[in-house]
Amino acid sequence: MKSLRIPFYLGLITVLLSSCGYNGMVDRDETVSKSWADVQTQYQRRSDLIPNLVSTVKGYADFEQKTLTDVIEARSRATSMNINADEITPENIAKFQSAQSQLSGALSRLLVTVERYPDLKANQNFLELQAQLEGTENRISVSRQKFNGSVQDYNSYIRSFPRVIYAGWFDFEKKGYFEADAGTENAPKVEF
């Protein structure tokens, strides 16, 4: 009888662990990591476009230097903020999002200021860069949506019974979402 206990317990442990969903948790965690890398890739693409945009705009001597400086500084802050896939907590996402929002704000101010320079608005290089930047902003939005979808799937999976028990054992923790920036629930005022 004693010799049957060890195989029985090993078999029981194997059955319990196979039904715990460990492989599913790993798979979903990897999906979140990949989605996060996609988000960072799109933000990097935007960051890479900014020096070209600034150089094109700088060619117009009477352009406002403070606006360009703000864009350059915001880009520097945004690119210095890196989060590894295993550090995707709500707090870290908020910090990353804050740095990126500052850059978005600086870029918006730059593009609004450009409206006063008809020669610049007609410059082919500027128009191409502006189109690339708009496309990149759309890609960022799509990447963030996909990231949030993979986080939702992962969080739901690890919080479902009985996986919630095993998730704690194997250090699978809830991931953070991208959320809307503060104040975006209010429509901007447009005045002519």
inquiry  = With side chain to side chain donor-acceptor pair (under 3.5 Å) as the criterion, how do Ser141 and Glu137 come out once you've worked through the C-alpha distance, each side chain's angles and the decisive distance to 0.1 Å?
reply    = CA-CA 6 Å; Ser141 177; Glu137 293 297 328; over 6 Å; no
Might you work through the side-chain contact (heavy atoms from CB on, under 4.5 Å) test for Ile140 and Tyr43, ending with a clear yes or no?
CA-CA 7 Å; Ile140 288 170; Tyr43 277 116; 3.5 Å; yes
Starting from the C-alpha separation in whole Å, work towards a yes-or-no answer on side-chain contact (heavy atoms from CB on, under 4.5 Å) for Val32 and Ile88.
CA-CA 9 Å; Val32 169; Ile88 301 174; 4.0 Å; yes
#### Entry: Criterion side-chain contact (heavy atoms from CB on, under 4.5 Å) on Glu87 and Asn84, from CA distance to verdict
CA-CA 5 Å; Glu87 299 171 340; Asn84 293 328; 3.9 Å; yes
Practice problem: Apply side-chain contact (heavy atoms from CB on, under 4.5 Å) to Arg46 and Gln100, showing your working. | Solution: CA-CA 10 Å; Arg46 176 175 73 172; Gln100 295 299 331; 2.6 Å; yes
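By the side-chain contact (heavy atoms from CB on, under 4.5 Å) test, Ser47 pairs with Gln44, Arg75, Thr79, sequence neighbours left out. By the side-chain contact (heavy atoms from CB on, under 4.5 Å) test, Lys174 is found to be paired with Asn155, Arg159, residues two or more places apart in sequence or in another chain being considered. With sequence neighbours excluded, the residues that form a side chain to side chain donor-acceptor pair (under 3.5 Å) with Asp153 are Arg28.
Side-chain atoms of Ser160 come within 3.5 Å of backbone N or O of Ser156 as a donor-acceptor pair.
The nearest pair of heavy atoms linking Ser150 to Thr31 is CB-CG2, 3.7 Å. Counting all heavy atoms, side chain and backbone alike, Ile83 lies closest to Asn92 at CD1-O, 2.9 Å. Between Ala106 and Asp70, the shortest heavy-atom contact is CB-O, 3.9 Å. The nearest pair of heavy atoms linking Tyr154 to Asp29 is CD1-N, 3.6 Å. Between Met25 and Ile158, the closest heavy-atom pair is CG-CG2, 3.7 Å. Minimum heavy-atom separation, Gln42 to Thr136: O-CG2, 3.5 Å.
By the 30° and 60° cut-offs, the orientation of the rings of Phe147 relative to Trp36 is tilted.
By the rule that hydrophobic residues join a cluster once side-chain heavy atoms approach within less than 4.5 Å of another member, Ile72 and Leu133 end up as members of one cluster. Criterion: ILVMFWY side-chain heavy atoms under 4.5 Å apart, direct or through other members. Under it, Val151 and Val164 are part of a common hydrophobic cluster.
Residues Phe172 and Tyr22 place their aromatic rings such that the two centres sit under 6.0 Å apart.
Using a cutoff of 4.0 Å between basic side-chain nitrogens and carboxylate oxygens, Arg139 and Asp38 are not scored as salt-bridged.
Rounded to the nearest 0.5 angstrom, Lys34 NZ and Thr41 OG1 are separated by 8.5 Å. Atom CD1 of residue Ile93 and atom OG1 of residue Thr89 lie 7.5 Å apart, to the nearest 0.5 angstrom. Considering CD of Gln132 and CG of Leu127, their distance stands at 11.5 Å, rounded to 0.5 Å. Rounded to the nearest 0.5 angstrom, Met81 CE and Gln40 CD are separated by 10.0 Å.
Between the side chains of Gln97 and Ser101, no donor-acceptor pair is found at a separation under 3.5 Å.
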